[in-house]
Amino acid sequence: MLHIVNKSPFKYRNLDTCVRVSEKEDPIILIEDGVYAALKGSSIEGLMKKTLEDHPVFAIRADLKARGIDEVLDGIEVCDYSCFVDMVEKHIPYSWL
Amino acid sequence: MLHIVNKSPFKYRNLDTCVRVSEKEDPIILIEDGVYAALKGSSIEGLMKKTLEDHPVFAIRADLKARGIDEVLDGIEVCDYSCFVDMVEKHIPYSWL
Amino acid sequence: MFVNRKAPHGSIYAYEGLEVILIFGAYDQEISAAFLDDAVLSLKKGQDTSEIGTKEFSATFRVLEAYGVENRYVERESLEQRGLTEEDLVMDVEVVDGATLRKYMGEQDVLLPF
Amino acid sequence: MFVNRKAPHGSIYAYEGLEVILIFGAYDQEISAAFLDDAVLSLKKGQDTSEIGTKEFSATFRVLEAYGVENRYVERESLEQRGLTEEDLVMDVEVVDGATLRKYMGEQDVLLPF
Amino acid sequence: MKFGILVQEGPYNHQASDSAYNFIQAALEKGHEITGVFFYNDGVINTTKLMDIPADDRHISKRWSDLGAKGIQLIVCVAAAKRRGINPDVLIENARIDGLGQLSELCIESDRLITFGD
Amino acid sequence: MKFGILVQEGPYNHQASDSAYNFIQAALEKGHEITGVFFYNDGVINTTKLMDIPADDRHISKRWSDLGAKGIQLIVCVAAAKRRGINPDVLIENARIDGLGQLSELCIESDRLITFGD
C-alpha cells in the first residue's frame, strides 16, 4: 500500500493518522503541499525522523522545486512523476486528503 | 477583535495559532466544523480549557445541532445567529480559515 | 473500500461520498467502508441540520447494511479522540485499531478517499 | 489589513489573495499585509513552478512596497516552525511576535483572510 | 450597522455559502444594512443560473438572486469568474460581474467586512 | 498497466487537477493505459468550456478536452455537475456527463484507481 500525502503538516494533522494507520515499510509519497514535510529544521522534523525509521519517504521533485525547497531532510528520496507512476504500479494507492 | 474559527480542531492546527495571536479577553466564536472543539471528553479538551481561561468562547447553536452536539464543554456559551451578528457589530472580525 | 476521513456539513465530501457508497452497493460489488478521523463524526447520533439548511444524511448510514456494505469499520483512536463511543453511532460497526484497519485496507483492490 | 495564512501552489488562495493586495494598493488605500502560518512559505526564495505548470508569483511580492503596502509583517513563530529565517524571504518584512501582530491587527478596520 | 460580506467558497461543496446566507438573514432581521456580497475564489460559482437542484434541497444560486432582488448588491469578481467558467451568459439575475476594486469599495462603505470561506 | 483517475477538486483553486494531469502525462509516456478520468465533487468544474484564461497561464479545461480527443474517456458525474451548474450546454468536447455507476465501472476496469483531491 502506498500512502499519498498532499497536505502541509503545519496546517493539517493528516500525517499523524497516516503514520498510525500504516504498516512498517509502507512507502509514503509527499506531493503538492505535502512536500513541506521535507523542510529541514522545522517543528515537525521529529515526527518526520520517526516516520523515516519505519517508512521509505519520497517527495516529488516538481513540487519541491515549485516551493523553493532545494535541500530535503536526510532520508527523504526525491522522486519525479515517472517514479511516482512506478510506485502506483507497484502498490495500491490511498490519498490522505 | 472577534476570532471566527470554522475548522475542526482534530484535522487542522488553526486553533493553536488563533490562541497565540490573540489578546486576553478577545472573544472566539466557533462556527461550522469549528464547533467540534466544544465536544466533551475529546483529545483537545485540554487546549480548550486553557483557551477558556483567557477567552470567552461561543459556539453557534445551529451548527452544534447539525452535528448532534447537545452538551458542550463547560464555559462555552451557546449562541444563535442573532448573537453572532451582535458580536460582529461589537468587534472587528477575523476568520481563521 | 471507501476510506472516509472528513467531517459532515462543513463540506460536502461526507455526503457525496455516501452517495458513491450507495451506488456501488446497488452495483452489487463487495464493498466495505471505513471511518476514521473526522468521518466518525458523520455517524454521530442526533444530527439535525434543519437550522443550517444543509441536507441531513446521517440516517442514511443505517441502510448501508441493506445495500450490501457488510464490512463497516471505525477506527478506535479516531472515536476516542472525539470523546465518542460505539453507543454514540447511528449504525452497527466493527471498532478496530489502526493496525487492524491497515490490514483490511491492504486486502483491497481500490481505496477511495472521501 | 490582509492577514494571509495559506501556502502557495497547493491552492490558489495565496495567489488570488496577492491579486487583491495589488488592486487595493492601486486604489491608494493605506494597507498592510501580514503573513503567518503557511503564508510565510509564499515568501520563500527560489520558487520555480515551471514543472508543475501553475503560475509562479513569489517575485511579485517584491513590488508590494512600490504599490504602497508599507507595512509588511511576518510572524516569528510561523517562520521558526518552518525552519526559515528572514534571509530566506523574497522581500523585506518586519518580523514580529504573535502579541505584536495582534496589536497591529487590533488597529485595523478590516481584516481580510487569504 | 453596515455589513459587507465576502464569500470565498462555492455552493454545496463548503458550508461557507450557507453560513454567509444565514448571517445575512439574521443581520437583516435585526435591522442592519448589507452593503453587498462579494464573491471571490470559488465563491463565484454561487452565481451560476445553471444549477439544477432537487426539490428537497435548498437552491443556493436562486437564494442569492432573490436576495439581490431585494436590493442587496451581488458582485462577482471578473478575474476569479473567468478562471471558473462564470460569464454574463450564465450569471443569475440581480448579480453583476465586476472588478476587485469593488471589494475595496465595499470595505470602505461597510462598518464591518466579514469573510466566509474554507 | 491500466490506471483510472478520480479528480475531486475544481481547476485553478486546488492543485489536484494539475497533479492528475501531470500524473497522466507521465503514465502515458511510460506506455501505461488511462482507462478514464472521473470528475466528482467540485472536480466537475474542470469540464466547463466557458473558462476564459490569459495566454500566459495553462487552460485547464482545454487541456482535459485535448486529452479526451486522444481517446481517454472523461466522465463527469451528473449529480455533482447539477449542483455546480455544469450541463451539456457548457461541457467541453470529448467529455460526457454520466452516472456514478461509471465510477464503479472504472474501478473494475482499472488495475489502479488513484484519487487527486483536497
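The chains referred to below are lettered A, B, ... by the order of the sequence lines, with proteins before strands, and numbering in each begins at 1.
Only the side chain of E/I108 comes within contact range of chain D, with at least one heavy atom under 4.5 Å from a heavy atom of that chain. Looking at E/L6, the atoms closer than 4.5 Å to chain D (heavy atoms on both sides) all sit in the side chain, from C-beta outward.
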Show the pairs of one donor and one acceptor atom, one from chain D and one from chain E, lying under 3.5 Å apart.
{"unit_1": "D/K6", "atom_1": "NZ", "unit_2": "E/D118", "atom_2": "O", "d": "2.2"}
{"unit_1": "D/Y13", "atom_1": "OH", "unit_2": "E/E9", "atom_2": "OE2", "d": "2.3"}
{"unit_1": "D/E16", "atom_1": "O", "unit_2": "E/Y40", "atom_2": "OH", "d": "2.5"}
{"unit_1": "D/E16", "atom_1": "OE1", "unit_2": "E/N41", "atom_2": "ND2", "d": "2.6"}
{"unit_1": "D/E16", "atom_1": "OE1", "unit_2": "E/R84", "atom_2": "NH2", "d": "3.2"}
{"unit_1": "D/E16", "atom_1": "OE2", "unit_2": "E/R83", "atom_2": "NH1", "d": "2.6"}
{"unit_1": "D/E16", "atom_1": "OE2", "unit_2": "E/R84", "atom_2": "NH1", "d": "2.9"}
{"unit_1": "D/E19", "atom_1": "OE2", "unit_2": "E/R83", "atom_2": "NH2", "d": "3.3"}
{"unit_1": "D/Q29", "atom_1": "NE2", "unit_2": "E/S104", "atom_2": "OG", "d": "2.2"}
{"unit_1": "D/P113", "atom_1": "O", "unit_2": "E/Q8", "atom_2": "NE2", "d": "3.0"}

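No other option in D/L111, D/V110, D/I31, D/L22 has as many heavy-atom pairs under 4.5 Å with chain E as D/V110.
Applying the side chain to side chain contact (heavy atoms under 4.5 Å, CB included) test between E/V76 and each of E/I97, E/I92, E/V37, E/I45 identifies E/I97 as the sole match.
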Practice problem: Applying side-chain contact (heavy atoms from CB on, under 4.5 Å), run through E/L100 and E/F38 and close with a yes or a no. | Solution: CA-CA 9 Å; E/L100 274 172; E/F38 194 90; 4.0 Å; yes
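Remark: D/V40 pairs with D/F35, D/V74, D/S78, D/L79, D/R82, D/L84 by the side chain to side chain contact (heavy atoms under 4.5 Å, CB included) rule, at least two apart or across chains. Residues passing the side chain to side chain donor-acceptor pair (under 3.5 Å) test with D/E80: none are found, sequence neighbours excluded.
D/E75 places no side-chain N or O within 3.5 Å of a backbone atom of D/A34 that could act as its donor or acceptor partner. With D/K45 contributing its side chain and D/E87 its backbone, the two residues share a donor-acceptor pair below 3.5 Å.
Applying the ring pair (Phe, Tyr, Trp, His ring centres under 6.0 Å) test to residues at least two apart or on different chains, the pairs with a partner in residues 74-110 of chain D are D/Y73-D/Y104.
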